[in-house]
Amino acid sequence: MSRGSLVPPPRDRLAVLHPSGATDLGQNPFGKDVANLQLWQALARHGGYERLDVLALQPFDAENLSANLLGDHPSTTKVVGGPFLTSRAPTEAGTLFRGQPYLADLAWMRRRTASDRAYSLVGLIHSIAPPGVREMMAASATAPTHPWDALICTSPSVQVAMAAMFDEWAGHLVERMGGRPPPRPDLPLIPLGIQGDDLAAQADRPEARGRTRTGFGVDEDGILVLWVGRLSYFEKAFPQPMFKALQLAAVATGVKVTFVMAGWFPEPGHREHYEAAARVHAPDIDIRLIDGNDRVLLTDLWAGADIFLSLVDNIQETFGLTPLEAMAAGMPVVASDWDGYRYTMRDGVEGFLVPTLGAPAGGGIGLRLADMHALEAMSYQAYVGTVAQHTAVHVGRAAEALATLMRSPELRKRMGAAGRARVREVFDWPVVARQVHELTTRLAGIRAAAEDPPATVSRHPVKGDPFRDFTHFATHVLTVDTRLTAAPGVCAADVHSVGAARLDSAFNVYRATPALCAEAFTMISDRGGATVREVLLAFPIAQRRGLEMGLAWMAKYGFVDWLG
């Protein structure tokens, strides 16, 4: 292909890879799953696309998905569902968006089924802490990805870290193999978003505020502080700095403080760890650990709380949705000066950022942790938990911030209003969705103007067709010229009735049904034998791939013979 060939002009259409096709997150959802679903909803409602193709890897109710993505919001976008592996929607749309940062395998699939310039690939980075995740992201530098592909960074901290990782990886590849650094995906900065108006409406309910505060025993002069998120000390935040800061602030102000932590524990026994830490570090604070899956109670808490507290200390965190939700609810936020938090809120404007201190780098301990995790002698939870246990959040400054807010209803109101304004201007889903649309249009322009890259290797050399990669294992290989005969004593009814033993019907997704295999068997038997080509040509095109596998399956069970 020459420059610009087979690359359609930018169009208002987007293909999304949503493997499950599900819109029900169930209990204890992870933040990335919540963010992805809300992003698909935002693109359907506010992205400005004429059509959104949602592609899944398993059957799903496309009509139900469309209804759940669009809701009752007015939108001119048509939402269409379909199977990913057989869809031409990515090529027709010009962009395939994945809610994960793994582009390498998709790039090889794109080359094999279309071409490198057929469409752009866009991934979304949620966490850069797991070494395995970083390794899979780095794999895009050695896969056929290009500058018209992108990995969306949700905060400047992620963007800086990813640029450094790719630069160092490219330097290694140049040193190892010579030549030039490989192309890599673009690293645009686009934040996650929230449904600001919905959260504001939930918070602006005086009756809910009164009901909630009464339920937690908070009087007019008391302060209700809120945390929302997974109650995981090894993947979110050690709670002790929050407990200690609240204790100091309560003593300094003389205010009765209730701290509600709404979330869920990775393991049931972890509740006892939090309760024990609370008794030691915050003896005068009324600490409540509640189920974050109780959506009614959580909605009421957005109305009833006075201050949002999130002293995250974990490298697992890269953005942080819950402080934004608190800002939309009109609450001031006290948060650690950490990663995405320092991007989403401004110190002294929407709340206070509390200084943090990382453990020393280069002393050998960090590399030892990485080695232990790489050798599977340390779990990921222990790996990030160890880092977090040696990351400090300034307890004294946190206490001062909390005390300042506890003393001043006016300041709480002013910072809460500033938070709502910032969400509307920067982090509301309509704003974010438009940035995604701008990105896909920009990438299409880069793709259209580019030269065709060399593509002599069309299949992934490591993750290829197992029937091809291991073809030399077998004595013979089924081809279209293989002649099959009916085995003595076998009839079509034997093939059709297979399944009495459960193992006989195992792994049956990719082959024809027993009924269709029985039809093919009848043809082979009646003719006294037939080649695979002759059998396949007797059936509609749509059935041939499955039937081809069905013939191999019939040979396995001795229904047909390929030797004579």
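Because the structure is predicted, anything quoted here is derived from the model rather than measured. Side-chain atoms are counted along with the backbone in the values below, which use heavy atoms only and exclude waters and symmetry mates.
A salt bridge is defined here as a Lys NZ or Arg NE, NH1 or NH2 lying under 4.0 Å from an Asp or Glu carboxylate O, and Glu317 with Lys236 meets this definition. Remark: Asp149 engages Arg110 in a salt bridge, criterion side-chain N to carboxylate O under 4.0 Å.
Listed for the Asp465 side chain is a donor-acceptor partner under 3.5 Å among the backbone atoms of Phe467. The backbone N or O of Ala552 lies less than 3.5 Å from no partner atom in the side chain of Arg511, so there is not a single donor-acceptor pair. Side-chain atoms of Ser75 come within 3.5 Å of backbone atoms of Ala44 as a donor-acceptor pair (strictly under, hydrogens ignored). Without hydrogens or angle criteria, Arg447 side chain to Arg117 main chain gives a donor-acceptor distance under 3.5 Å. Without hydrogens or angle criteria, Arg13 side chain to Gly94 main chain gives no donor-acceptor distance under 3.5 Å. In this structure, the side chain of His126 does not engage the main chain of Pro101 through any donor-acceptor pair within 3.5 Å.
Taking each heavy atom of Leu443 and Ser120 in turn, the nearest pair found is CB-OG, 3.7 Å. The minimum heavy-atom distance between Leu192 and Leu324, with the atom names listed, is O-CD1, 4.5 Å. Closest approach of Cys153 to Ile125, counting heavy atoms only: SG-CD1, 4.1 Å. Summarising the geometry of Asp291 relative to Asn293, their closest heavy-atom pair is OD1-N, 2.9 Å, with the distance given to 0.1 Å. Closest approach of Val133 and Ser127 over heavy atoms only: CG1-O, 3.5 Å. Val495 and Pro514 make their closest contact through O-CB, 3.7 Å (heavy atoms, listed as atom of the first residue, atom of the second, distance).
Exactly one of Asp116, Leu151, Leu103 qualifies for a side-chain contact (heavy atoms from CB on, under 4.5 Å) with Thr145. That residue is Leu103.
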For the pair Thr142 and Leu173, evaluate side-chain contact (heavy atoms from CB on, under 4.5 Å) and give the outcome as yes or no after the intermediate values.
CA-CA 9 Å; Thr142 53; Leu173 294 174; 3.7 Å; yes

Worked check of side-chain contact (heavy atoms from CB on, under 4.5 Å) between Arg184 and Asp167
CA-CA 10 Å; Arg184 75 178 190 207; Asp167 286 345; 2.7 Å; yes

Go through the steps for Phe234 and His270 under the test side-chain contact (heavy atoms from CB on, under 4.5 Å), then give the verdict.
CA-CA 11 Å; Phe234 47 71; His270 288 188; 3.3 Å; yes

Check the pair His437 / Asp12 against side-chain contact (heavy atoms from CB on, under 4.5 Å), numbers first and verdict last.
CA-CA 8 Å; His437 197 155; Asp12 288 336; 3.1 Å; yes

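Between Tyr380 and His373, the ring planes lie tilted relative to each other; the angle falls in the 30° to 60° range. Taking the six-membered ring for Trp and thresholds of 30 and 60 degrees, His46 and His73 have ring planes more than 60 degrees apart, a perpendicular arrangement.
For CH2 of Trp562, the number of neighbouring non-hydrogen atoms (other residues, nucleotides, ligands) closer than 6.0 Å is 12 at most. For Leu563, the CG atom sits in a packed shell: over 12 heavy atoms of surrounding residues, nucleotides or ligands are nearer than 6.0 Å. Within 6.0 Å of CD on Glu135 lie no more than 12 heavy atoms contributed by other residues, nucleotides or ligands. Tyr557 OH: more than 12 foreign heavy atoms inside a 6.0 Å radius.
Side-chain contact annotation: Asn36 with His18, donor-acceptor N/O pair under 3.5 Å absent. A side-chain donor-acceptor contact under 3.5 Å links Gln38 and Trp429.
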